[in-house]
Amino acid sequence: MAAAPSSIPSASTPRPPAGIACDRSVSICQAFAHDTDTPADPDRQPPWAVLAPRNIEEVQAVICWANDNGTGLIPVSSSGRRRRGDTVPARNGTVIVDLSGMKRLVHVDARDKIAIIEPGVDFGSIDAMLQPHGLRVYRPLAPRAGKSVLASYLEREPILAANDHWDVGDPFGGTGVMLGNGRYAPTGGAAIEGTLPEHLARGHRQMVPVGPMNLDILRVMQGAQGSLGVMGWGAVYCERIPLQEQTFFGSAAQLEPVIDMARDLLHRRLGNALFIVDRVQLAMLLADDANSFAALQSALPAWILFASIAADRYRTQEKMAWQLADLRHRAQARGVNLDEVLAGTRASELSQRLRRADASSFRDNLQGAHRELFFLQQLDRAGSFLPLVQGCLAQAGLGGAPLGVYIQPTTQGVNCHVEFTLSYDPRKDDEARRSQSAWTQAAQHCAQAGAFFSRPYGAWSDIAFKRDRAILPMLTIAKSVFDPLGVMNPGRLPY
Amino acid sequence: MTTPGMELPAAVRAEFERIVGPRNVSADPAMLSGYAWNTGIGSVPPSGRKFADVWPIAVVLPGNTEEVAALVKCCLRHKLTFKAHSTGYGSMSRVASPDTVAVDLRRMDTLEIDASNRMAIIGPYVTAGKLQAEALKHGLTCHIVGAGPAHSPLASATSLIGVGITSQSTSMNARNLLSWEWVTPQGDIVRGGSAGSDCGWFTGDGPGPGVRGLLRGFVGASGGLGIFTRIGYKLYPVPLQGPPANTGRPPQIGMAVPPNYALMHAVWPDWERQRDASFELTDAGVANIMLRIPPDEIGWMLTATNAEYVELATGGRLPPVAREENGKHWAIVTASRSAAEHAWRTSVVRDIVQRTGGRMLELAPEQAEVLLRNLVTSIYIPRVLRPSGGIMTTFGVLDSFHFLPGAIEAAEETLAGETRPGGKLVEGGREEHWIWPHEGRYFWAENIVDFDTTNEASCHAAVYALLSHFAISFRNPVGVLTLGMGPVMDLQGDKIGAPQEYVRGVKNRLDPEDASRTGDFIIVKMPKLVKMLLPLARPLILSRAGLSFLARAIVKKGL
Ligand SMILES: Cc1cc2nc3c(=O)[nH]c(=O)nc-3n(C[C@H](O)[C@H](O)[C@H](O)COP(=O)(O)OP(=O)(O)OC[C@H]3O[C@@H](n4cnc5c(N)ncnc54)[C@H](O)[C@@H]3O)c2cc1C
């Protein structure tokens with residue numbers, strides 16, 4: 001592709017790979033020099049091109065080209081507002097591999113409840129693709145429309161369906177990965193002789209996440225922030241759209257009874273979507289503007305468990321009846337109020353909201369921006385972090401700032417994702433600055449108190465790897481085995 | 001009988017004794033024989049001999065992780081190799097080289113249940129039976145692999161396969177492993193996941209990439225990548241509290257069917273209809289356990305002795321569940337917490353069975369109790385070993401139920417009629433598949449081969465079955481090949497993205513001297529010539545003649 005006058009100069013850069021769509025316009029490249037919460041580094045060059053492969057073969061061509069030329073590649077699958085800094089170049093001379101155009105639903109099997117998708121398929125579009133097959137995708141909490149489904153799962157974003165989250169690999173089955181060394185690596189159930197079309201014709205459905213042999217490549221790829229390879233397609237388990245679904249709010253003034261009830265439901269594998277929020281987080285999820293946020297926040301109880309029960313075609317009414325009885329019984333036993341309507345909002349409205357994907361994150365609706373802090377711990381310790389975060393905000397004079405809490409049980413309740421959302425107005429410089437430093441401090445305090453930063457973005461990376469230096473040699477081995485020339489997202493993690 | 005090949009130098013012994021105490025070091029042949037036996041359980045004894053050709057140079061029993069690390073460093077200093085041994089169930093932890101120190105972890109049996117977070121923190125010598133007994137006090141259970149209650153869940157979760165008959169509700173061990181503590185082949189102590197950051201034992205991945213995927217894939221390194229010393233391990237809630245009440249008399253011990261539990265035995269006229277039912281049963285999520293075992297093996301469970309079984313079988317008096325014509329079946333356990341839930345689960349099972357052309361087999365109460373106890377505790381192995389003492393396995397699948405009929409055909413081809421009257425294997429069905437679903441998603445099918453360890457022709461038939469299942473799987477896969485260990489990795493690897501090269505890469509980076517030595521992992525240094533010739537030789541190796549020749553060689557040398 002001929003370089004336009006407004007493109008990044010090509011003197012020191014190799015010729016882009018033949019046959020791959022390549023955009024070198026300054027505005028596009030500059031847009032990748034920063035993201036919503038990561039400013040551009042003045043000492044760092046922006047990427048010099050955006051390459052857009054259309055299929056896994058083209059992804060392979062790009063990676064081989066990068067190995068030949070020593071060019072760093074940063075894979076990006078989502079479109080729209082990016083954040084967390086993981087796709088912002090940490091080295092000079094990089095190019096973006098934009099996978100958002102790879103939007104094929106390669107295969108769906110309604111009987112096995114599994115679909116094969118490409119990385120550009122996003123939460124805004126996937127349910128419409130799956131709906132004719134009677135399926136829907138497992139979702140994290142209200143993802144934005146442009147968020148890539150595969151990228152979300154690769155980054156271990158927790159899904160709402162805690163009972164179907166057996167292990168961190170979920171909801172992945174087998175996948176097709178192009179490693180940093182330019183070689184194709186089918187993972188798990190995809191590691192069978194023959195090509196993907198041959199597999200599908202024979203009836204293979206790529207259903208196992210673990211493997212092949214004594215490797216679990218998917219597990220190593222997860223949490224790698226694009227620094228080991230590119231997933232060209234992935235089989236993902238889906239939920240069957242139930243015949244009947246009923247949703248509830250379980251609420252209490254204290255967190256403990258709500259946690260206890262969540263645990264009871266998890267022990268019974270009761271509930272499709274299942275998560276806990278405080279009143280601020282729920283108001284953020286439901287409100288359209290500052291006024292409705294304020295009204296909701298003051299009307300809602302302190303802690304809310306959202307739970308849905310559902311039934312398919314197998315004696316639908318009977319199943320709904322015993323689940324409902326169980327749910328009521330557990331709520332009563334734990335002293336939790338169980339309602340279908342809370343502060344004028346129906347739980348079913350929230351349920352619909354959770355399946356809708358907006359262009360931007362709901363967390364930005366209130367004041368235009370937000371800060372996030374998340375980590376893993378266990379349900380019985382989740383509540384202990386709130387005073388630490390509140391303390392840091394109070395010290396910074398931000399005691400009254402809207403701070404939301406979201407607790408998502410994962411691994412069927414063995415552990416949980418704890419997330420704090422701080423809404424702020426980016427136009428108020430002073431407040432933004434103070435909240436930034438309070439937030440950094442909060443992350444440190446939480447880490448000292450046992451927060452496990454399994455997904456260490458930005459500054460959390462230092463915190464996480466300082467606490468776990470012994471794991472660094474293993475990271476080095478992963479990099480040297482899968483991406484020996486270091487072309488994938490160079491400088492991103494401490495390999 | 002073979003005796004130890006190498007003598008432990010006195011200076012090394014003294015160092016070992018300083019680390020673990022004199023009581024915990026032995027090079028006495030009587031002791032070492034316990035680490036060198038091979039009776040054909042998941043293996044084949046060399047030409048019918050009881051002991052392995054290779055014996056360890058010594059056995060040491062560390063009491064904690066620091067001692068393990070010190071032992072490993074000591075072995076490295078003295079250019080000795082080492083191999084971890086948890087319970088050593090069967091002959092799985094035999095050493096592969098005469099300079100290997102068997103590191104027996106039986107003193108490391110700490111067990112902590114974190115009931116509210118449905119997990120346990122365990123050491124290597126906590127057995128599955130002990131863990132289950134402790135977990136049941138809290139209304140929890142653990143995954144128990146087919147090896148039964150005597151094995152170590154830590155060894156299984158970190159180092160060797162990990163599938164078991166309750167996988168429908170208890171997953172498999174590669175997915176049950178949470179945080180892990182590990183002594184590397186260099187003797188360094190590393191904790192992975194949340195324990196590495198001192199946050200608890202609740203997750204094994206991160207910060208950043210899940211590097212555990214380099215150490216434990218589907219199969220496990222079988223002691224080839226250092227020694228795991230402690231893990232967080234996922235448990236599963238069940239509507240049971242405390243030990244199940246025993247019924248019957250030894251050896252036919254059963255278990256009283258708990259309130260709101262049911263064991264239902266459904267039979268279909270053909271595999272296609274059973275397949276259709278399987279899709280529905282897993283989709284409906286009604287079963288806590290679903291298991292198909294060959295009808296002859298049900299007969300072994302329901303009889304007290306081989307003689308009784310043979311008498312009933314030859315007299316045509318086996319109970320219906322143990323008859324070949326009822327072999328297309330599921331034993332279905334439902335476990336509910338209320339009468340209403342129980343009614344729903346059992347009614348849905350009946351609906352599905354009826355809709356798909358199946359029927360229910362009524363079980364006598366004492367039969368149901370014996371079978372239920374086996375299902376809940378996975379204590380099958382003594383009975384599976386009873387007819388002949390030797391067992392071998394084949395297949396895996398781990399794919400859609402679509403493959404159920406195909407997996408049966410493949411198993412029949414593998415056994416090649418050798419289980420029929422006059423054949424060289426223990427008499428049984430045309431196939432001997434144990435089948436169960438995982439997590440309501442895909443299924444596992446394991447074709448168990450019972451053979452006579454004292455008879456060379458029988459050993460040959462067993463090894464031939466093992467080898468031919470690879471050839472059959474390569475030709476027409478019915479799912480994932482799960483026994484991808486050792487040389488098989490190299491035989492198949494290049495067709496599936498060459499994972500063996502990465503496995504070798506990891507091994508050689510972590511353990512360049514192959515000090516953490518095992519015979520069951522990977523060819524550590526692949527000679528260039530072999531690598532080049534292997535694709536050319538593959539058709540030859542996989543031909544009937546090639547397989548038979550290989551089988552003969554293996555029977556001579558042992559497996
Ligand atoms: C009859 C029989 C039936 C079986 N059925 C099944 C089955 O259905 N499903 C299944 O998954 N497996 C099965 N197995 C294999 C079984 O997985 C293992 O026997 C068991 O899980 C491992 O526990 P163990 O205590 O026996 O381990 P060991 O025999 O002590 O060790 C097993 C392997 O793991 C290594 N190892 C042990 N401990 C450690 C450690 N702490 N660190 C590093 N490496 C270690 C050993 O060196 C050895 O290679 C069967 C085995 C037998 C003999």
Side-chain angles (χ1 to χ4, degrees), chain A residues 111-112 166-168 183-186 189 191-193 203-205 207-208 210-217 219-220 222-224 228 263 267-268 314-315 318-319 321-322 325-326 376-380 411 413-415 450 452-456 464-465 467-468 470-471 474-475 477-478 481 493, chain B residues 116-119 171 174-175 178 190-192 194 196-200 202-203 205-214 216-221 234 237 279 284 337-338 340-341 344 347-348 398-400 402-403 439 441-442 474 477 480 484 489 495-497 499-500 502-503 505-506 509-510:
Chain A
R111 217 169 37 165
D112 281 311
W166 294 75
D167 183 28
V168 291
R183 285 165 64 175
Y184 178 57
I192 296 177
E193 307 207 353
H204 298 297
R205 293 295 176 261
M207 301 180 82
V208 203
V210 186
M213 299 175 178
N214 196 46
L215 270 185
D216 194 344
I217 299 177
R219 194 178 285 275
V220 189
Q222 284 189 293
L228 295 173
R263 192 180 287 128
H267 279 216
R268 287 164 171 70
Y314 306 99
R315 295 187 179 244
E318 271 176 59
K319 184 174 186 192
W322 70 256
D326 239 20
L376 295 183
Q377 241 303 336
Q378 293 187 289
L379 280 170
D380 49 0
T411 322
V414 171
N415 46 51
F452 178 52
F453 286 90
S454 81
R455 299 162 56 201
F465 290 108
R467 289 180 69 85
D468 190 3
I471 210 68
M474 288 303 291
L475 290 192
I477 290 176
V481 166
L493 288 171
Chain B
S116 58
N117 294 307
R118 51 175 298 182
M119 61 170 284
S171 191
R175 281 160 72 75
L178 302 168
V190 172
R191 286 179 174 182
S194 48
S197 300
D198 218 7
C199 298
F202 54 82
T203 186
D205 299 277
V211 292
R212 194 196 102 189
L214 300 175
R216 205 299 185 203
F218 183 81
V219 191
K234 194 177 171 196
F279 275 117
R337 290 177 193 263
S338 69
E341 181 184 348
W344 176 79
S347 306
V348 170
L398 296 171
D399 208 321
S400 167
H402 165 83
F403 284 101
E439 304 173 2
R441 294 170 168 171
Y442 40 89
F474 294 162
V480 181
M489 283 202 215
K495 307 257 180 186
I496 57 167
Q500 80 281 10
Y502 307 119
V503 174
V506 172
R509 281 167 176 81
L510 282 171

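Please read these numbers as outputs of a predicted model, since none were measured by experiment. Chain A is the first sequence line, chain B the second, and so forth, proteins listed ahead of strands; every chain is numbered from 1.
- One finds the CH2 atom of A:Trp166 at 6.0 Å from the OG atom of B:Ser171 (value rounded to the nearest 0.5 Å).
- In this structure, the side chains of A:Arg111 and B:His402 come closer than 4.5 Å at one or more pairs of heavy atoms.
- The two atoms that bring A:Arg467 and B:Cys199 nearest to each other are NH2-SG, 4.4 Å, heavy atoms only.
- Interface residue B:Arg337: only side-chain heavy atoms are found under 4.5 Å from chain A.
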>> For a side-chain contact (heavy atoms from CB on, under 4.5 Å) check, start with the C-alpha distance between B:Arg441 and A:Asp112, then their side-chain angles and the critical distance, and finish with the verdict.
In response: CA-CA 7 Å; B:Arg441 294 170 168 171; A:Asp112 281 311; over 6 Å; no

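- Both the backbone and the side chain of A:Val481 come within contact range of chain B, each with at least one heavy atom under 4.5 Å from a heavy atom of that chain.
- For the set B:Ala340, B:Gly484, B:Ala174, B:Ser116, the entry with the most heavy-atom pairs within less than 4.5 Å of chain A is B:Ser116.
- Side-chain atoms of A:Asp380 and B:Asn117 include a donor-acceptor pair closer than 3.5 Å.
- Counting heavy-atom pairs closer than 4.5 Å to chain A, the top-ranked of the candidates B:Arg212, B:Glu439, B:Gln500 is B:Glu439.
- A heavy-atom distance below 4.5 Å is found between the side chains of A:Leu493 and B:Pro209.
- Judged as a salt bridge (Lys or Arg N to Asp or Glu O under 4.0 Å), and not counting sequence neighbours, the contacts of A:Arg455 are A:Glu157.
- For the pair B:Ile496 and A:Met213, the minimum side-chain heavy-atom distance is below 4.5 Å.
- Atom CG of B:Asp399 sits about 5.0 Å away from atom CD1 of A:Ile192, to the nearest 0.5 Å.
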>> Could you go through A:Met207 and B:Leu398, starting from their C-alpha distance and side-chain angles, then the distance that decides it, and tell me whether this counts as side-chain contact (heavy atoms from CB on, under 4.5 Å)?
In response: CA-CA 7 Å; A:Met207 301 180 82; B:Leu398 296 171; over 6 Å; no

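- Listed options B:Ser338, B:Gly192, B:Ser194 were ranked by heavy-atom pairs under 4.5 angstrom with chain A; first place goes to B:Ser194.
- In this structure, A:Trp322 and B:Trp344 have tilted ring planes: the angle between them lies in the 30° to 60° band.
- Atom-to-atom distance recorded for B:Met119:CE and A:Gln378:CD is 5.5 Å, nearest 0.5 angstrom.
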> What's the verdict on side-chain contact (heavy atoms from CB on, under 4.5 Å) for A:Met474 and B:Leu510, showing C-alpha distance, side-chain angles and the deciding distance?
Replying inline: CA-CA 9 Å; A:Met474 288 303 291; B:Leu510 282 171; 4.0 Å; yes

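- Of all heavy-atom pairs between B:Ser197 and A:Phe452, the closest is OG-CE1, 3.5 Å.
- Within the 4.5 Å cutoff, the side chain of B:Thr203 has no heavy atoms near those of the A:Val414 side chain.
- Annotation: side chain of B:Phe474 is in contact with side chain of A:Glu193 (closest heavy-atom distance under 4.5 Å).
- The minimum heavy-atom distance between A:Asn415 and B:Phe202, with the atom names listed, is ND2-O, 2.8 Å.
- Proximity to chain B (any heavy atom under 4.5 Å) is restricted, for A:Tyr184, to the backbone atoms N, CA, C and O.
- Using a 4.0 Å cut-off between charged side-chain N and carboxylate O, A:Arg219 and B:Asp205 make a salt bridge.
- At a threshold of 4.5 Å between non-hydrogen side-chain atoms, the residues B:Arg216 and A:Asp216 do not count as touching.
- Minimum interatomic distance between A:Pro186 and B:Gly497 (heavy atoms only, all atoms of both residues): CD-CA, 3.9 Å.
- Counting heavy-atom pairs closer than 4.5 Å to chain A, the top residue among B:Lys495, B:Arg191, B:Arg118 is B:Arg118.
- Only the side chain of B:Phe403 has a heavy atom closer than 4.5 Å to any heavy atom of chain A.
- Note: A:Val220 leads A:Val220, A:Val210, A:Val168 in heavy-atom pairs under 4.5 Å with chain B.
- Interface check for chain B: of the options A:His267, A:Arg268, A:Glu318, the most heavy-atom pairs under 4.5 Å are formed by A:His267.
- Annotation: maximal heavy-atom pairing with chain A below 4.5 Å, among B:Ala221, B:Gly505, B:Ala284, occurs at B:Ala284.
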> When you look at B:Tyr442 and A:Arg205, which way does the side-chain contact (heavy atoms from CB on, under 4.5 Å) test go after all the steps?
Replying inline: CA-CA 9 Å; B:Tyr442 40 89; A:Arg205 293 295 176 261; over 6 Å; no

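- You'll find the side chain of B:Pro477 reaches within 4.5 Å of the side chain of A:His204, heavy atoms only.
- Within the 4.5 Å cutoff, the side chain of B:Pro207 has heavy atoms near those of the A:Phe465 side chain.
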